[in-house]
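From a predicted model like this one, the values you see are computed outputs, not experimental measurements.
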Protein chains: 2
Amino acid sequence: MATSSARTKVVLRRHIRRAGVLRVVQPRAEATRDALLDAGRRLLNERDFDAMSIADLAAANALSVGSFYGRFRDKEAYFALLQEMVTSEWTEATLRDFDVRRLAGWSAGRIVRLVTTQVVNVYRNDRGFISAALRHASTHPGAWTPLKRAGARFANVVTALLAPRLTHLPRMARAARVRFAMQLLYGMLINAVLNDPGPLNLDDPRLEKELARALSAYLGLRPR
Amino acid sequence: MATSSARTKVVLRRHIRRAGVLRVVQPRAEATRDALLDAGRRLLNERDFDAMSIADLAAANALSVGSFYGRFRDKEAYFALLQEMVTSEWTEATLRDFDVRRLAGWSAGRIVRLVTTQVVNVYRNDRGFISAALRHASTHPGAWTPLKRAGARFANVVTALLAPRLTHLPRMARAARVRFAMQLLYGMLINAVLNDPGPLNLDDPRLEKELARALSAYLGLRPR
DNA sequence: ACTATTTTCGAATCCTAATTCGAATTTTTT
DNA sequence: AAAAAATTCGAATTAGGATTCGAAAATAGT
């Protein structure tokens, strides 16, 4: 299994041509670029995008502000790349874990439990990044961000898996039900990450179970 | 029925002693203060707290920046008062509409429908303010804001109304179920206001119905 | 070893918004 | 009417973060 740093490199290679990510020739520039991206991901667990200054990012690696701008056109270009990087990791995990053939014999209820567990874990592990990306996106209404894209993609995967299993519902209603259920799940977790509300916060071990219960009930599945 | 401006005055009178809201002697100063608060509420429908400058607020009433600071210690004190003002209006409506005696003969299902309708309407009508307050609060983790207070208060009211009606559940689980249902509802609407997600956005006429369906199902109520 | 290219450094510049402050204006009191 | 108090004005100040830029340092090529 690849380490986190090596994984960064593999995923990153796909997005390197992005406008605003400046050309790298020497290995040290590549190392600088990667170190800045890793630092960003870490720092976003402590503060949001606006509160994370270029000076913070540079200092996290004993680098200068000028060297940041030698690698990224500006702060926005940097963040766009970071978002692509992180959400691409998620998408890879999704394709692996939610393969239609792999889950062929699974019941709807069991899939709902897998979905809630997976999504809650993503939000738990990357809460800082998600929070920052959400806050940043909310100042650009209408923007189709990597985060939104990843969320929509996953909802599509889940809909394709679950809708055919909701045989007790009219055929026309199945996909819409699953999509709304996903909207409930995302809403719940987005609120958890942004506002840390009660009664169950993101770290509460009961959260997955209660979410699965709610979604299953809404989808009309037998309680287990 | 009092007009919006007169209503502002009535509600405002309760919060005037706030630290950071400067003393008023002459009527023109009172008018300035009130005009600035009304402008803030309006402007927050177009932009968030950070993007709403003091110059914007002043200009909305052909006033100067200096006159803003003659009335409020700083931008934070201003926003705190504005939040108290708006959430106090909500709380008044809640006390009126969710009176235990008034809803004595109501079924749980019917109360859920009333709850979802009411909360969705609050979010529809004050989406700009709510969005701004949420974004602002998320940069002050742990802060117990007027918005959170109002949300918690309402959840308490709903719990007191619904829990006794969930006779099919163990007595120990009833309040917890209602509280989680409220968390689902808030999460859904907070996401709607911040991110305008699909499939059902805040203006979709199906939203209340689908939310009531989800919450009723989760609470184990008979579909209607 | 020397030259050319790349990269980083760190101070300076730029920009923007919050806040301050002394003067001008308005209102109230004598 | 004059003096005192309250209020507003609008330019100046302050603060803080993004970005630029010329010089210094590091690396690659000959």
For B:Asp48 and C:dA17, give me the distance from atom CG to atom C1', rounded to whole Å.
14 Å
If you look at every strand shown and take non-hydrogen atoms under 4.0 Å, does B:Ala62 touch a base, only sugar-phosphate, or nothing?
sugar-phosphate
B:Leu57 has an atom CG; how far is it from atom P of C:dT19, in whole Å?
12 Å
Which residues pass the salt bridge (Lys or Arg N to Asp or Glu O under 4.0 Å) test with A:Arg42, not counting sequence neighbours?
none
Measure the distance from CG on A:Leu36 to C1' on C:dT8 and round it to the nearest whole Å.
12 Å
Apply salt bridge (Lys or Arg N to Asp or Glu O under 4.0 Å) to B:Asp196 and list each qualifying residue two or more places apart in sequence or on a separate chain.
none
Is any side-chain nitrogen or oxygen of B:Thr32 closer than 4.0 Å to OP1 or OP2 of D:dT7?
no
Counting just side-chain N and O atoms, does B:Arg23 come under 4.0 Å of either OP1 or OP2 of D:dT7?
no
Whole angstrom value for the distance that separates C1' of D:dT8 from CZ of B:Phe72:
14 Å
Pairing residues for A:Asp48 by the side chain to side chain donor-acceptor pair (under 3.5 Å) criterion, not counting sequence neighbours:
none
Can you find a side chain N or O atom of A:Ser67 that sits less than 4.0 Å from OP1 or OP2 on C:dC9?
yes
Please name all residues satisfying salt bridge (Lys or Arg N to Asp or Glu O under 4.0 Å) with B:Arg153, sequence neighbours left out, ordered by chain then number.
none
Reading nucleotides 12-30 of chain D 5' to 3', which nucleotides get B (base under 4.0 Å from a protein heavy atom), which S (sugar-phosphate only), which -?
------SBB-----BSS--
I need the B:Leu114 CG to B:Asp97 CG distance, nearest 0.5 Å.
7.0 Å
Which pairs pass ring-ring contact (aromatic ring centres under 6.0 Å, His included) with one or both residues in residues 47-67 of chain A, sequence neighbours excluded?
A:Phe49-A:Phe79, A:Phe49-A:His136
